[in-house]
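Heads up: the structure comes next, in structure tokens.
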2 protein chains.
Amino acid sequence: MPMTDAQHAYVDRVATFFTMFGSARAWAEILGWLMICEPAERTQAEIAEDLGLSAGTVSTQLRAHVQLGMVEQVRVRGDRTQRYRLRPGAWFAVMSSELERIRALGDLARAGDGVLPRDRPERVTELGDLADFFAREWPPLLERMTAEREKGTP
Amino acid sequence: MPMTDAQHAYVDRVATFFTMFGSARAWAEILGWLMICEPAERTQAEIAEDLGLSAGTVSTQLRAHVQLGMVEQVRVRGDRTQRYRLRPGAWFAVMSSELERIRALGDLARAGDGVLPRDRPERVTELGDLADFFAREWPPLLERMTAEREKGTP
DNA sequence: GCATGTTTTCAACGATGCCTGAAACAAGTG
DNA sequence: CACTTGTTTCAGGCATCGTTGAAAACATGC
């Protein structure tokens with residue numbers, strides 16, 4: 001099943017968006033296509049065919065998606081080909097994992113304790129306070145997010 | 001005033017952290033150094049000297065910082081040299097500007113309305129709901145952040 | 001086991017982007 | 001006006017990374 005013009009346009013929109021933040025073009029196209037392809041599960045060969053990418057590129061970039069937790073493999077018994085799909089709740093998972101990066105920022109700030117400048121030490125401490133604040137606020141925020149989500153899909 | 005070993009180590013720590021997310025090495029080193037240098041205001045020539053970077057590199061990467069709003073120029077009257085410093089509240093400003101990116105994600109999701117897949121349309125709509133949620137939650141979160149900040153520095 | 005189609009790996013090419021060094025430019029000072 | 005100091009620009013070198021194409025490795029149904 002070939003892509004319609006509208007589908008192609010959307011994949012391009014998504015790809016343009018994420019490449020602006022430094023993503024590889026193929027990585028972003030695969031993401032966009034997995035958001036709207038039908039059915040939602042696709043093989044590597046199909047993705048390569050649909051998007052006009054080489055098998056090697058699809059293999060590499062798809063693995064990047066899997067490692068990031070955005071995409072998962074689905075095994076269909078009776079069929080030897082591996083299928084891939086956007087992981088249910090993928091977008092929420094991304095937001096959840098943000099907490100780790102917040103903590104890392106906090107660690108970075110605390111690592112500066114030994115070299116705190118006398119002049120405007122808040123250049124460092126501000127970052128620590130900020131990380132602490134978000135580390136505190138993030139879990140309840142995620143809970144509200146989950147509640148909202150389950151309200152939408154009961 | 002040359003850097004101490006500890007200062008050098010911290011600049012390296014910061015640089016390593018941000019280059020992991022795709023930043024240029026010099027960009028990240030300048031950021032780390034502007035966090036702890038003394039005094040907080042430095043000229044391009046000083047930064048180049050301190051970090052062992054070429055004048056051209058400092059000019060380019062420093063401008064990137066200025067355009068991102070992390071660094072600002074300070075004019076000292078009677079002195080013809082431009083001085084640069086980490087902008088007060090720089091870290092908070094970064095978090096505030098996050099709202100724009102959230103909105104952009106929401107737009108991206110809504111752009112998919114025309115190509116919503118019948119099979120698991122939540123692959124697209126979930127992203128929209130998420131963006132809406134954060135667009136709603138972000139301003140009050142920022143307010144709490146500001147309140148917290150002013151409590152620390154009255 | 002064998003055959004078939006799928007997936008991974010890897011060398012090579014190409015593009016992109018960082019960094020430098022030098023030259024041009026600006027701006028005060030003697 | 002030269003001199004000094006500071007900043008910007010830009011061509012070129014270098015390294016990195018994405019992509020391809022093909023071959024090797026793999027997995028599964030027969």
Side-chain angles (χ1 to χ4, degrees), chain A residues 11-12 14-34 37 39 41-68 70-85, chain B residues 1 11-12 14-34 37 39-68 70-85:
Chain A
V11 168
D12 190 62
V14 174
T16 301
F17 182 85
F18 284 101
T19 48
M20 278 196 347
F21 296 111
S23 305
R25 176 86 198 171
W27 184 94
E29 284 189 9
I30 291 171
L31 176 58
W33 182 225
L34 285 182
C37 65
E41 292 81 18
R42 307 237 96 183
T43 67
Q44 287 198 16
E46 285 169 347
I47 295 173
E49 166 71 18
D50 296 338
L51 296 174
L53 297 169
S54 75
T57 300
V58 173
S59 174
T60 304
Q61 300 302 332
L62 205 47
R63 174 172 27 210
H65 277 300
V66 171
Q67 283 175 348
L68 282 174
M70 286 290 294
V71 170
E72 65 185 1
Q73 308 178 355
V74 245
R75 303 182 175 275
V76 179
R77 42 174 286 160
D79 188 356
R80 80 170 154 301
T81 75
Q82 194 74 252
R83 303 192 106 76
Y84 297 84
R85 68 170 181 202
Chain B
M1 186 191 60
V11 169
D12 192 61
V14 173
T16 301
F17 181 86
F18 285 101
T19 49
M20 279 200 341
F21 295 113
S23 305
R25 178 84 197 173
W27 184 94
E29 283 189 11
I30 291 171
L31 176 59
W33 183 224
L34 285 182
C37 64
E41 291 82 18
R42 307 237 95 182
T43 68
Q44 286 197 18
E46 286 169 347
I47 295 172
E49 165 71 19
D50 297 337
L51 296 174
L53 296 169
S54 76
T57 300
V58 173
S59 175
T60 304
Q61 299 302 331
L62 205 46
R63 175 171 22 204
H65 277 300
V66 172
Q67 284 176 346
L68 281 175
M70 286 292 292
V71 170
E72 65 185 1
Q73 308 179 356
V74 248
R75 303 181 175 276
V76 180
R77 41 174 287 159
D79 189 354
R80 80 170 158 303
T81 75
Q82 194 71 253
R83 302 194 106 76
Y84 296 83
R85 69 170 179 203

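Each chain gets a letter, A, B and so on, in the order the sequences are listed, and its residues count up from 1. Everything numeric here is computed off the predicted structure, so don't read it as measured data.
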Table please: side-chain donor-acceptor pairs of residues 51-61 of chain A below 3.5 Å, with sequence neighbours left out.
| from | atom 1 | to | atom 2 | distance (Å) |
| --- | --- | --- | --- | --- |
| A:Ser54 | OG | A:Thr57 | N | 3.2 |
| A:Ser54 | OG | A:Thr57 | OG1 | 3.0 |
| A:Thr60 | OG1 | A:Gly56 | O | 3.0 |

Quiz item: Closer than 4.0 Å, any side-chain N/O of B:Arg63 to the OP1 or OP2 of D:dT9?
Solution: yes
Between protein and nucleic acid, restricted to nucleotides 3-6 of chain C and to nitrogen or oxygen atoms under 3.5 Å apart, what atom pairs and distances do you find?
| from | atom 1 | to | atom 2 | distance (Å) |
| --- | --- | --- | --- | --- |
| C:dG5 | O4' | A:Arg80 | NH2 | 3.0 |

Quiz item: Between B:Arg83 and D:dG6, is there a side-chain N or O to OP1/OP2 distance below 4.0 Å?
Solution: no
Exercise. Please state how far atom CD in A:Gln61 lies from atom P in C:dT9, giving the value in whole angstrom units.
Key: 14 Å
Quiz item: Who passes ring-ring contact (aromatic ring centres under 6.0 Å, His included) against B:Phe18, sequence neighbours left out?
Solution: none
Practice problem: Can you tell me the distance, in whole Å, between the CD1 atom of B:Ile30 and the P atom of C:dC18? | Solution: 12 Å
Quiz item: Once you round it to whole Å, what is the distance between C1' of D:dG6 and CG of B:Leu62?
Solution: 13 Å
Practice problem: Write down the distance between CZ (B:Arg42) and P (D:dG6), rounded to a whole number of angstrom. | Solution: 12 Å
Quiz item: Which ones in residues 52-60 of chain B lie close to DNA chain D, meaning a heavy atom under 4.0 Å from one of its atoms?
Solution: B:Ala55, B:Gly56, B:Ser59
Quiz prompt | B:Arg25: side chain to side chain donor-acceptor pair (under 3.5 Å) partners, not counting sequence neighbours | solution = B:Asp12, B:Glu29
Self-check item: With B:Glu72 via side chain to side chain donor-acceptor pair (under 3.5 Å) - residues at least two apart
Solution: B:Arg85
